[in-house]
Every structure is written in structure tokens, then in C-alpha cells.
Amino acid sequence: MFKRVFKQVSVGVALSAAVFAVQAADVTGAGASFPYPIYAKWASDYKAATNNAVNYQSIGSGGGQQQIIAKTVDFGASDDPMKAADLEKNGLLQFPAVIGGTVAVVNIDGVEPGKLKLSGAVLADIFLGKVKKWDDAAIKALNPDLKLPSADIIVVHRSDGSGTTFGWTNYLSKVSPDWKAQVGEGKAVKWPTGQGGKGNEGVAAYVGQLKNSIGYVEYAYAKQNKLAWTQLQNKEGKFVQPEQKAFAAAAANADWKSAPGMGVVLTDEPGADSWPVTAATFILIHKSQDKPAQGKAVLEFFDWAFKNGAKSAETMDYVPLPEAVTKEIRAAWGEVKAADGKAVW
């Protein structure tokens, strides 16, 4: 299995000069930390296969949106799908790249991965600061066979603008009226309690260091950092483990065509096997390309990833997009054009 290093690094080599017969140049992207593990893997494999470069920085979805709007990168990445009006305003095309799951992770002595059970309502009350100790009656009722300490719960959340936070708070808003009323959803919210870490990397590091803590990260970060993830109770009342088939179940009925920019939100989906905090992650690229060679190179990379990266995605517990969806995406790429109106793809 590919060994992942979760930090802000770049992967890539010089882009082949064959593209548009121009001087070699790296393709640059920045944004969500949620898909960083698979983007880094794809970039490494793409370099090995084609000798072309993709340099991707994990800076958070908010930063990714800002940088692509400012044209300081060739593509942005965000787990918080941009709304139709904002896509139109900024001249952006949006498309999904891969699907994954966000998990609650804990650091409690004696609690192994996948053993602790939490419902959405209890999870919201923990992040609201209402449930303050691990042996609270609400947690014990869900876990009668677990020995839980009478210790204060330390909440860890994201400190940066985060699509992972958008998905997390969107889910909590769906399962908890109190959360919806008091905090709501977004890439950044006013947290009632806890301390912040930057990126999925930062949250994983804090939870790993702090006894009796709880945080939320993309599943690959939990596995790589050997963190204890929890089961969650889904919309059908079933407790499920975070795994690829559960993420796929949540995405099974996604209506990609109807969502502006294919911006489907996959939280709290129906289905007995569905993981309740599943998410697609999205790519943003300008429709009008000042540097068409760069735009073409971005699309070539994702075309390659859709064709060749499914196995890597599955190995790392992401869900590759169905072929029918990638076909729709490639058709949409026709909207990406050079200044003379000629299609880049």
C-alpha cells in the first residue's frame, strides 16, 4: 500500500513540453486536505507514467477557492461545493473527483478503533459542549459494554476554512435542531467549545496527542495515524463502520445532473449501509483559460486519474466515481476554452 505522509508538500516534476508545444511548466493546485492523500498518490503515479507534474498543496477548501478565484493556481479543490451563483460570478467550472468519508476519532485509553458508538444527536451535544464527560449517561447508554473514564472531553475542530468542516457541520445541522439553531453549517463556524487544528493533518495530530479528545478527519488520516474511529448511527438507525462500501452506499443515489456544478452533498443519506458523513470532493477550474496549455494539462491529469486511479482510490478507502459520472464530467470539460474560444479539451 502507498505510504502516505500527511503534511503540506508538493508532488511533481516538470510538465512535458509537448503539451501545446510550449515551455515546460508545472501544473499547480491547492485546496482541500480531505482528498490530499489520494491526490498525492495520483500525482506520484502520474509522474511515473507520463513524466508530467502536478503540484498540489493541502491548504483547506477555503484557501483553494480563494486561490483559484485569484488565478494563483491552475486548479482549486474544495469539499464544500461552490454555489451556482458563485461559479457563474467567477467564471468557474466545478466537477467531482472522488468520494470519501469523514469520521469521528477519539483518544481514550482502552477504546480500540470501531468500538465506540455515537449517534448524531450525542455527537452534536459533545461538539456543543453539552455532553462534557466520557462517562455521561447519553454515551454510556449507547456503549453499555465499554469502560469509559470519568474524564473531561476535549473537542478538537478545524481552525481553517475547511470543506471537511462544511460536511461535518452540515451533518450535525441535519441531526440536531440545537446545533442548527446555535451554530449552523459552513467552512468556518463559531465553535462553542474546543481547540482548533489546521487541516485534517492538524486535527489528526492533536487527537493523537491529547488523551480523552475527539475530533473529525477524513478516514484515510484516521487509518494512517492509527487513531480510533467511532461507529455512527445512520439515518436508518443502524450503527455502521466507516469503510468504502458504506461511503459507496451513501453515494449510490446521488443526483449529479440536478445539482449545480455537480455539487452533491452526501450527508445523512438514506440506506441501512450508508455512512452518514460521506462527501464528494470537487475541482474548480476557470472556463476561460489565459494559459490554455495549463488548463489542458489539468484536464489531462484528471482524465488519467479517472482511467487509471480507481484501484489506488479504493486501496486508500476512497470511492472512485462511477464511469457514467466521469463521462458527464468529460462532456462538461468542453466549456473550458482558450481566449479565442477554442475548446481546450
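Between the side chain of Thr326 and the backbone N or O of Glu323, at least one donor-acceptor pair lies under 3.5 Å. One N or O on the side chain of Gln241 and one on the backbone of Gly114 form a donor-acceptor pair closer than 3.5 Å. Although no hydrogens or angles enter the test, the distance criterion places a donor-acceptor pair under 3.5 Å between the side chain of Ser173 and the main chain of Thr169. Asn225 places no side-chain N or O within donor-acceptor distance of the main-chain N or O of Leu227, the cut-off being under 3.5 Å. Judged purely by atom type and a 3.5 angstrom limit, Gln244 uses its side chain to pair as donor or acceptor with the backbone of Tyr318. In this structure, the side chain of Lys311 does not engage the main chain of Asn308 through any donor-acceptor pair within 3.5 Å. Under the 3.5 Å distance criterion, the side-chain polar atoms of Glu236 are left unmatched by any main-chain donor or acceptor of Lys238. At least one donor-acceptor pair under 3.5 Å links the side chain of Ser61 to the backbone N or O of Gly163. In terms of modelled atom types and a separation under 3.5 Å, the side chain of Gln294 and the main chain of Asp26 share a donor-acceptor contact. Judged by distance alone, the side chain of Thr281 and the main-chain N or O of Val98 form no donor-acceptor pair under 3.5 Å.
Just one of Ile153, Leu148, Ile126, Val131 meets the side chain to side chain contact (heavy atoms under 4.5 Å, CB included) condition when paired with Asp136; it is Val131. For the ring-ring contact (aromatic ring centres under 6.0 Å, His included) with Trp229, the lone residue among Tyr219, Trp275, Tyr216, Tyr221 that qualifies is Tyr219.
Leu299 and Val73 are members of different hydrophobic clusters when ILVMFWY side chains are connected at heavy-atom separations under 4.5 Å. Linking ILVMFWY side-chain heavy atoms closer than 4.5 Å, directly or via other members, places Tyr39 and Val325 in a single hydrophobic cluster. Under the 4.5 Å side-chain heavy-atom criterion for ILVMFWY residues, no single connected hydrophobic cluster contains both Ile99 and Met82. Residue Leu172 is grouped with residue Ile154 when hydrophobic side chains (ILVMFWY) are merged at heavy-atom distances under 4.5 angstrom, including chains of intermediate members. Leu116 and Tyr171 fall within the same hydrophobic cluster, where Ile, Leu, Val, Met, Phe, Trp and Tyr residues are linked whenever their side-chain heavy atoms come under 4.5 Å apart, directly or through other members.
Taking the six-membered ring where tryptophan is involved, the planes of Trp333 and Trp345 are perpendicular, since the angle between them exceeds 60° and thus also 30°. Between Tyr36 and Tyr56, the ring planes are parallel. Angles under 30° get that label, and only those over 60° would be called perpendicular.
Contact record, Asp79 with Phe166: O-CD2, 4.1 Å, taken as the closest heavy-atom pair. Closest heavy-atom contact between Ala248 and Val319: N-CG2, 3.8 Å. For the pair Val183 and Pro192, the tightest heavy-atom approach, listed with the atom from each and the gap, is CG2-CG, 3.6 Å. Between Lys174 and Thr267, the shortest heavy-atom distance links the atoms NZ-OG1, 2.8 Å.
More than 12 non-hydrogen atoms from other residues, nucleotides or ligands lie less than 6.0 angstrom from CG of Asn143. Asp178 CG: more than 12 foreign heavy atoms inside a 6.0 Å radius. The neighbour count for Phe302 CZ, taken as heavy atoms of other residues, nucleotides or ligands under 6.0 Å away, is above 12.
Looking at Asn55 and Thr28, their side chains never bring a donor and an acceptor atom within 3.5 Å of each other. In this model, no donor atom of one side chain and acceptor atom of the other lie less than 3.5 Å apart for Glu269 and Thr278. Side-chain atoms of Asn107 and Ser213 form no donor-acceptor pair, as typed in the model, at a separation below 3.5 Å. Side-chain atoms of Asn200 and Glu218 form no donor-acceptor pair, as typed in the model, at a separation below 3.5 Å.
Every residue two or more places apart in sequence or in another chain that forms a ring-ring contact (aromatic ring centres under 6.0 Å, His included) with Phe127 is listed here: Trp168.
Side-chain contact between Tyr206 and Gln209 is present, with heavy atoms from C-beta onward closer than 4.5 Å. With contacts defined as side-chain heavy-atom distances shorter than 4.5 Å, the pair Ile108/Trp134 qualifies.
The distance from the NZ atom of Lys133 to the CD1 atom of Ile139 is 11.5 Å, given to the nearest 0.5 Å.
For Lys211 and Asp109, the salt-bridge test passes: some basic side-chain N is under 4.0 Å from an acidic carboxylate O.
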Evaluate Leu92 against Ile69 for side chain to side chain contact (heavy atoms under 4.5 Å, CB included), listing each step before the verdict. CA-CA 8 Å; Leu92 294 171; Ile69 289 170; 4.2 Å; yes

